[in-house]
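Written below as structure tokens is the structure these notes are about.
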Amino acid sequence: MASKLLRAVVLGPPGSGKGTVCERISRSFGLQHLSSGQFLRESLGGGGAEAGALAQQYLERGLLVPDHVITRVMMTELEKRREQPWLLDGFPRTLRQAKALDGICEPDLVISLNIPFETLKDRLSARWVHPASGRVYNMDFNPPQVQGVDDLTGEPLVQREEDRPEAVAARLRTYKDAAKPVMELYRSRGILHSFSGTETNKIWPYVYTLLSSRIPPVLPDEEH
Ligand SMILES: Nc1nc2c(ncn2[C@@H]2O[C@H](COP(=O)(O)OP(=O)(O)O)[C@@H](O)[C@H]2O)c(=O)[nH]1
Ligand SMILES: Nc1ncnc2c1ncn2[C@@H]1O[C@H](COP(=O)(O)OP(=O)(O)O)[C@@H](O)[C@H]1O
């Protein structure tokens with residue numbers, strides 16, 4: 001069966017719900033969720049080299065790591081998945097990264113999450129994560145079953161340095177400047193689909209409908 005493999009990208013500022021939406025897409029459509037932030041954190045954990053320590057400083061401050069660092073990490077992961085459908089979360093974030101991605105595979109579909117600034121600020125300051133798995137919680141939206149601990153492992157949750165209020169405004173500005181030409185590129189190709197709103201649950205049915213028009217769901221739309 002020669003059905004085309006779908007390669008999709010989810011764009012959006014920190015806190016816009018990329019990870020949350022990607023998890024749902026991945027469950028409903030069977031696409032592999034590839035998170036650049038998660039790969040970066042894993043690559044730091046294994047290394048301990050100077051380059052790792054340098055990248056760690058960017059991550060802690062919520063700054064974008066240099067293009068060549070993240071591009072190398074992502075190209076390695078994508079090379080391993082040449083024959084598979086995937087869903088990219090957090091990459092590309094700059095025009096250079098988008099061009100590097102084109103070198104390996106041009107995406108078929110790009111979803112952009114457009115969320116108001118105030119909403120992003122509130123969400124990020126309420127975000128807690130389980131570092132080992134990357135599982136994300138929000139004290140209002142999807143709280144853990146027991147406060148402060150991961151549902152599956154029982155291990156403690158932490159707040160990322162970059163989600164502290166001091167770091168958030170600068171991160172959002174950096175994101176916007178870098179992302180603009182990326183969006184323009186995908187818009188000019190006619191593959192950009194933007195979704196605006198303040199709640200992931202309201203945006204999700206539209207994303208589901210869009211994806212369903214391209215690939216058959218493996219699961220019906222769920223109640224979330
Ligand atoms: N209050 C609220 N929080 C949400 C909503 N959607 C996602 N979140 C939470 O907001 C935070 C950021 O979402 P995440 O998926 O990590 O965003 P990303 O940074 O774009 O990958 C997480 O703590 C999510 O659980 C929503 O509709 N409402
Ligand atoms: N494509 C990228 N380019 C540069 N830095 C990146 C990229 N993706 C992730 N990072 C780094 O990893 C951090 C965490 O990314 P991620 O888990 O996607 O969270 P968020 O969506 O909240 O920024 C970012 O703040 C940034 O330092």
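We count ligands from 1, going down the list as the structure has it; atoms in each ligand are counted the same way.
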Check G90 against S36 and note the closest heavy-atom contact, atom names and distance. O-OG, 3.0 Å

Pairs under 3.5 Å, N/O atoms on ligand 1 and on the protein: can you put them in a table with the distances?
residue: ligand 1; atom: 6 (N); partner: T200; partner atom: OG1; Å: 2.6
residue: ligand 1; atom: 15 (O); partner: G19; partner atom: N; Å: 3.3
residue: ligand 1; atom: 15 (O); partner: T20; partner atom: N; Å: 2.8
residue: ligand 1; atom: 15 (O); partner: T20; partner atom: OG1; Å: 2.6
residue: ligand 1; atom: 16 (O); partner: R127; partner atom: NH1; Å: 2.8
residue: ligand 1; atom: 17 (O); partner: G17; partner atom: N; Å: 3.1
residue: ligand 1; atom: 19 (O); partner: G15; partner atom: N; Å: 2.8
residue: ligand 1; atom: 19 (O); partner: R127; partner atom: NH1; Å: 2.9
residue: ligand 1; atom: 20 (O); partner: S16; partner atom: N; Å: 3.3
residue: ligand 1; atom: 20 (O); partner: S16; partner atom: OG; Å: 3.4
residue: ligand 1; atom: 20 (O); partner: G17; partner atom: N; Å: 3.1
residue: ligand 1; atom: 20 (O); partner: K18; partner atom: N; Å: 2.9
residue: ligand 1; atom: 20 (O); partner: K18; partner atom: NZ; Å: 2.8
residue: ligand 1; atom: 21 (O); partner: G19; partner atom: N; Å: 2.9
residue: ligand 1; atom: 23 (O); partner: Y137; partner atom: O; Å: 3.0
residue: ligand 1; atom: 25 (O); partner: N142; partner atom: OD1; Å: 2.9
residue: ligand 1; atom: 27 (O); partner: R123; partner atom: NH2; Å: 3.4
residue: ligand 1; atom: 27 (O); partner: T200; partner atom: N; Å: 2.7
residue: ligand 1; atom: 27 (O); partner: T200; partner atom: OG1; Å: 3.4

Got a sec: does the OH of Y206 have more than 12 other heavy atoms crowding it under 6.0 Å? no

Any N or O on R93 sitting closer than 3.5 Å to an N or O of ligand 2? yes

Are the charged groups of R135 and D150 less than 4.0 angstrom apart, N to O? yes

Heavy atom to atom 19 (O) of ligand 2, shortest distance: which of E161, R160, R96, K18 holds it? R160

Within the structure, does Q97 bring an N/O atom to less than 3.5 angstrom of an N/O atom in ligand 2? yes

With atom 24 (C) of ligand 2 as the reference point, say which of V65, V69, L63 has the nearest heavy atom. L63

ring-ring contact (aromatic ring centres under 6.0 Å, His included) partners of residues 125-162, not counting sequence neighbours, each pair once: none

Partner residues of F29 under the ring-ring contact (aromatic ring centres under 6.0 Å, His included) criterion, sequence neighbours left out: Y208

Which ligand 2 atoms, with their elements, are less than 4.0 angstrom from a heavy-atom of L64? 4 (C), 5 (N)

So if you build clusters from Ile, Leu, Val, Met, Phe, Trp, Tyr with side-chain heavy-atom gaps below 4.5 Å, do I104 and L40 land together? yes

Residues A132 and E155: closest non-hydrogen pair is CB-OE1, 4.4 Å

Minimum-distance protein heavy atom relative to atom 10 (N) of ligand 2: L40 CD1, 3.6 Å

In terms of atom number and element, which parts of ligand 2 are under 4.0 angstrom from non-hydrogen atoms of R127? 22 (O)

List for me each residue that meets salt bridge (Lys or Arg N to Asp or Glu O under 4.0 Å) alongside R93, sequence neighbours excluded, and say none if there are none. none

Of the non-hydrogen atoms in P92 and L101, which two are nearest, and what is the gap between them? CD-CD2, 3.9 Å

What protein heavy atom sits nearest atom 9 (C) of ligand 2, and how far away is it? S36 OG, 3.4 Å

Decide whether an N or O pair under 3.5 Å exists between G90 and ligand 2. yes

Residue selection (non-hydrogen contact nearest atom 20 (P) of ligand 2) among E162, R171, Q38: R171

When only distance counts, is F91 in polar contact with ligand 2, meaning an N/O pair under 3.5 Å? no

Any ion pair linking E118 and K121 (charged N to carboxylate O, less than 4.0 Å)? yes

Quick check on R41 - does any of its heavy atoms sit under 4.0 Å from an atom of ligand 2? yes

Heavy-atom closest pair (N138 atom, R123 atom, distance to 0.1 Å) is ND2-O, 3.6 Å

Can you give me the closest heavy-atom contact between P107 and I191, atom names plus distance? O-CD1, 3.5 Å

